[in-house]
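Right, one structure below, let's go through it.
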Amino acid sequence: MKIGVFDSGIGGEALANALQQTFPEAQIQVVNDHDNVPYGDKTSAEITELTDLAIQPLLTKGCDVIVIACNTATAVAIEILRQKYPSQHFIGIEPMVKTAAKQTKSDVIAVCATPATLASERYRGLVSKYASHLTVIEPDCSGWAYMIENNEINEQEIAKVINDVCERGADVIVLGCTHYHWIKELVQKLTNGNAIVLEPSEAIGRQVSELLGL
Ligand code: DGL
């Protein structure tokens, strides 16, 4: 089985590692677009064009499924790619708003994601479908993907955001960018046990299983 994984940068490797553990036999091919990361502050047209270009090696390798391991590219481009390449299976990744809405007890959740994801119709649709009765805090994480990509993690900057959302009552924090998977443990520690932290690697593994009948 061949699984293709795409992200603008190192977020794809975080997800690919998780998939490799779930499917030890699978051949996992990861591509990124390091020259153009971050995508999160680009226009929808730019994100779509760059994603389309970057996945070409995965399309030619005949992957059984291509995982768009980028919330930003999924939000903006996945439907366009499905139309353009109808015989290719794609799985996208989205902020876990539905799960967060089920798990919150305080009725306050925080979604950490890129500006392009937060502005997208697809994400706005998720919030109105599953979380319209909740307070959804969308903190400014616009510098995080760059910081993580370049291994310049500023713990104080992250702590400021996490402390603020916890003080405002968030008891579930959604990591809506695969770059942030690399700092999941740090975020969890910074909550001091006041919030749970969600990211969808396991759910993506289940979707791959279902799609490929494994
Ligand atoms: N890792 C990507 C995501 O999941 C975005 C990072 C970026 O390029 O801004 O949204």
Side-chain angles (χ1 to χ4, degrees), residues 3-19 28-55 58 65-81 90-100 109-127 136 138-154 157-158 161 173-187 197-205 207-208:
I3 303 175
V5 175
F6 161 75
D7 179 42
S8 56
I10 61 168
E13 273 132 62
L15 194 81
N17 291 346
L19 288 173
I28 300 187
Q29 169 94 27
V30 185
V31 295
N32 65 34
D33 188 10
H34 187 71
D35 288 349
N36 292 299
V37 70
Y39 278 14
D41 54 8
K42 294 185 168 43
T43 65
S44 299
E46 286 169 333
I47 294 165
T48 304
E49 196 185 331
L50 290 171
T51 303
D52 191 357
L53 270 177
I55 64 167
L58 301 177
V65 59
I66 296 177
V67 179
I68 303 292
C70 176
N71 292 259
T72 310
T74 299
V76 170
I78 199 164
E79 292 312 331
I80 297 166
L81 297 172
F90 288 99
I91 287 178
I93 190 162
E94 302 189 301
M96 297 179 82
V97 174
K98 184 179 176 186
T99 310
I109 66 171
V111 180
C112 299
T114 67
T117 297
L118 295 175
S120 68
E121 251 175 65
R122 197 174 169 112
Y123 169 74
R124 304 298 345 153
L126 280 180
V127 172
V136 181
E138 292 157 357
D140 179 5
C141 302
S142 53
W144 287 18
Y146 181 88
M147 175 164 93
I148 294 164
E149 183 76 19
N150 293 291
N151 200 15
E152 292 169 7
I153 294 168
N154 179 338
E157 196 181 315
I158 297 165
V161 168
I173 297 173
V174 175
L175 300 183
C177 169
T178 49
H179 277 70
Y180 312 164
H181 295 196
W182 291 109
I183 56 164
K184 183 178 181 185
E185 280 176 24
L186 171 64
V187 172
V197 181
L198 299 179
E199 55 85 1
S201 303
E202 269 182 45
I204 298 296
Q207 281 184 45
V208 171

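Numbering of ligands and ligand atoms starts at 1, following listing order.
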Note, [X] side chain near [Y] side chain (heavy atom, < 4.5 Å):
{"X": "Lys98", "Y": "Leu126", "result": "no"}
{"X": "Asn36", "Y": "Ser8", "result": "no"}
{"X": "Phe6", "Y": "Asn32", "result": "no"}
{"X": "Trp144", "Y": "Ile183", "result": "yes"}

Using a strict threshold of under 4.0 Å (side-chain N to carboxylate O), is an ion pair present between Arg124 and Glu138? yes
Whether Thr114 side chain and Thr72 backbone form a donor-acceptor pair below 3.5 Å: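 Not a single qualifying donor-acceptor pair exists.
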Quick check for students: name every N or O atom pair between ligand 1 and the protein closer than 3.5 Å, with distances.
unit_1   : atom_1 : unit_2 : atom_2 : d
ligand 1 : 1 (N)  : Asp7   : OD1    : 2.9
ligand 1 : 1 (N)  : Asp7   : OD2    : 3.4
ligand 1 : 1 (N)  : Thr178 : OG1    : 2.9
ligand 1 : 1 (N)  : His179 : ND1    : 2.8
ligand 1 : 4 (O)  : Asn71  : N      : 2.8
ligand 1 : 4 (O)  : Asn71  : ND2    : 3.0
ligand 1 : 4 (O)  : Thr178 : N      : 2.8
ligand 1 : 4 (O)  : Thr178 : OG1    : 3.2
ligand 1 : 8 (O)  : Ser8   : OG     : 2.7
ligand 1 : 8 (O)  : Tyr39  : N      : 2.6
ligand 1 : 9 (O)  : Tyr39  : N      : 3.2
ligand 1 : 9 (O)  : Gly40  : N      : 2.8
ligand 1 : 10 (O) : Asn71  : N      : 3.3
ligand 1 : 10 (O) : Thr72  : N      : 3.1
ligand 1 : 10 (O) : Thr72  : OG1    : 2.7

